[in-house]
Protein chains: 2
Amino acid sequence: MANSTPTAAEATPTAPGHRGVTMADVAKAAGVSRTAVSFVLSNRENASISEETRTRILEAVQALGYRPNAGARALASQRSDWYGIVTEIVTAPFAVDIIKGAQDQAWLDRRFLLIAPSDQADAVGPNKGMEDAAFEKLLEQRVEGLLYAATFHRPVHVPKSANEVPTVLINCFDADGKLPSIVPDERAGGRVAVEHLLQAGHKRIGVINLDPNIPAAVGRLEGCREALAEAGLELDPDLIVAGYATADGGYEAACQILDKYPAGEGRPTALFCLNDRMAMGAYDAIKERGLAIPQDIAVIGFDNQELIAAYLRPKLTTVALPFEEMGALGVQTLASLTAGQPIIAHQQMVDCPLLERYSV
Amino acid sequence: MANSTPTAAEATPTAPGHRGVTMADVAKAAGVSRTAVSFVLSNRENASISEETRTRILEAVQALGYRPNAGARALASQRSDWYGIVTEIVTAPFAVDIIKGAQDQAWLDRRFLLIAPSDQADAVGPNKGMEDAAFEKLLEQRVEGLLYAATFHRPVHVPKSANEVPTVLINCFDADGKLPSIVPDERAGGRVAVEHLLQAGHKRIGVINLDPNIPAAVGRLEGCREALAEAGLELDPDLIVAGYATADGGYEAACQILDKYPAGEGRPTALFCLNDRMAMGAYDAIKERGLAIPQDIAVIGFDNQELIAAYLRPKLTTVALPFEEMGALGVQTLASLTAGQPIIAHQQMVDCPLLERYSV
DNA sequence: CTCGGTTACTAACGCGCGTTACTTCGAGCG
DNA sequence: CGCTCGAAGTAACGCGCGTTAGTAACCGAG
């Protein structure tokens, strides 16, 4: 301000922050070398810059509206501070939460998260190549690490290019068993759900199952059986009904259970629905029969699909899938990997917390 | 392959695509200058490279697993091919769809979409600064254009830095009236909804309203009145009930309407719910009274919140908010702006299509 | 044989920045 | 006074690439 020499660069002084202000412009304005500016802006430890010139430089930065060029910085320093995540953003109410968790954590670490879409992951469709392209694009940006997130817990095949930088899988695991992964602890989740029902006094519990082969079903059911076993109970095979993972599927499965047993005579007093969408359908089946939730029949879900669980009437008690936590943990794991630290655990499992609402 | 000179760069020949393969490496491997490689890879028109060396270069690219460095390329060419979008990814089942639309379109245009989070937009909370930081971060990446997306249709204040590059608002509009925006055509949407009810023979229609002051409510109600007027009907003020934009709010509003009019005596035969969450609550109110949807009372929603609308029983007929289309249009608009073309329309309105399911 | 005009390239600069090696200057010390 | 040493800064290189100006070889016309 005091002795700022007007330069050509200040063509539009009323609009600071106009594009193309470089460190050289700042240096000229402050009357120092470009190196000095660089030292100040990167807060170098052992650089000796007097307090006076330091503030003069910072003033010039402010006045000109200088903004560093991330690309140039990455080029010169050979590090980008970027991570990449590829995920099916499409059908995915879940993927969003993973992204949010990852992005918030990245933001805390002063890193930037690049997001690339991959439409259907293992699609047979025409865009099988999209996923490879997504990885490719991210690597062109010279990301320092990669995250791969699936919308439901399952084994996946990841493009080979993922081997070029540290890569962590979220909500899925490497079918080839190489890459580290972060998954929900389905077993513990199933256990916590059923323990909650037991504590509420229920002894006869119906289960509305998913496709029995997917990891989620296997784990949750295992946890369910564990909890029952500890209470000296067993799961009645007649009370497990599988259905499509939709509200309609849940409705039909619930009907099947409720219609098999008249009131009192062996009818379960609680239903463990392996996901919230099915619980939504179960609600209808129960209400149709004039039964009250939770007085006549308690219902517990799984997933905590907010839009459903928090808006059903009564609000659904459920076990939450820890998407945000997994996203955050993914970034943390990536950070330690890119820092050169060894892989701590090949597969990290994250707890699924119980969310008590009003259906138990 | 034939006469490839082994170089130090081929340290790990079994792992092509290892990091740090540069154009110079490719040039050396192909026995040409770096310039020649650059010409081939960027498909220059008036560069004369013989077909022979051309294929030799491409072979070297393949063999070494060369991958361009996007940052360096942006630095040299002074253009980045990147757009940025800042949005509240948080609470936002909607923002996701906007992002998807934008990202798919960007992908088609061979551009990359950088996503920055902005937690609560006009939050009073501690992270008011986050939004500015998001813009700042994106500008540091030298994005060529910016998108700003809100989760519900409303006026917004955008940080001044948005003026430095072309900026388009999506699902919101500039409170200062400067920036171009893309919003849903709420009025036409309300009209289409009510026309659909009229066509189904309904003449007495109840409206479950949102906060009457927000743009969505204003527009949708206006469209509703238009449709009625064209049929020679009027909206009975007694049949408009506002509530909180939740399932509970919808439940209470529906109760109020249904309890005021006993069957036959002026009870509406259809409910127009201004969003799907409220429709969800209205379903419960209707079912509780032993009425059937749509036989006794038809219900139509707005928003097409997939997780609700497609899973309610019966599935909800609703008017969709065109998030993906708005996202895509945003990128298209940005493309024309960055190409130097003038602003076509200050505010572009996108149609809200009717989705017929089973509740009317 | 010379000369203009192509074809097929290459040398060299600069994008904006981080970083290393070097210079300059004044204070302190024997 | 001569010397060293730290403080305060600067010149210059290179990151990987796009791009312009230029060069060398060849070819046909005069």
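Lettering of chains follows the sequences in order, A, B, ..., and the numbering in each one begins at 1.
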Under 4.0 Å, heavy atoms only, any strand: does [X] hit a base, just the sugar-phosphate, or nothing?
{"X": "B/T35", "answer": "base"}
{"X": "B/S50", "answer": "sugar-phosphate"}
{"X": "A/T53", "answer": "sugar-phosphate"}
{"X": "A/L75", "answer": "base"}
{"X": "B/S38", "answer": "base"}

Report task. Might you point out which heavy atoms bring A/E131 and A/P159 nearest each other, and give the distance in Å? Result ->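 The pair with the smallest heavy-atom distance is OE2-CD, 3.8 Å.
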Query raised in the report: Is the backbone N or O of A/V165 less than 3.5 Å from a side-chain atom of A/T167, with the two atoms forming a donor-acceptor pair by type?
Result: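 Side chain of A/T167 to backbone of A/V165, a donor-acceptor pair under 3.5 Å: yes, one is there.
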Any N/O donor-acceptor pair, [X] side-chain to [N] base, under 3.5 Å:
{"X": "A/R44", "N": "C/dG18", "value": "no"}
{"X": "A/S48", "N": "D/dA7", "value": "no"}
{"X": "A/R34", "N": "D/dG9", "value": "no"}

Query raised in the report: Think B/S77 has a side-chain N or O under 4.0 angstrom from the OP1 or OP2 of D/dG18?
Result: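 No, outside the criterion.
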**Report entry** Comparing B/N69 and A/F39 on DNA chain D - which has the more 5′ nearest nucleotide
**Finding:**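 Whichever sits nearer the 5' end wins; that is A/F39.
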Query raised in the report: Does the pair A/E59/A/R56 count as a salt bridge with the N-to-O cut at 4.0 Å?
Result: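 A salt bridge is absent here (no side-chain N lies under 4.0 Å from a carboxylate O).
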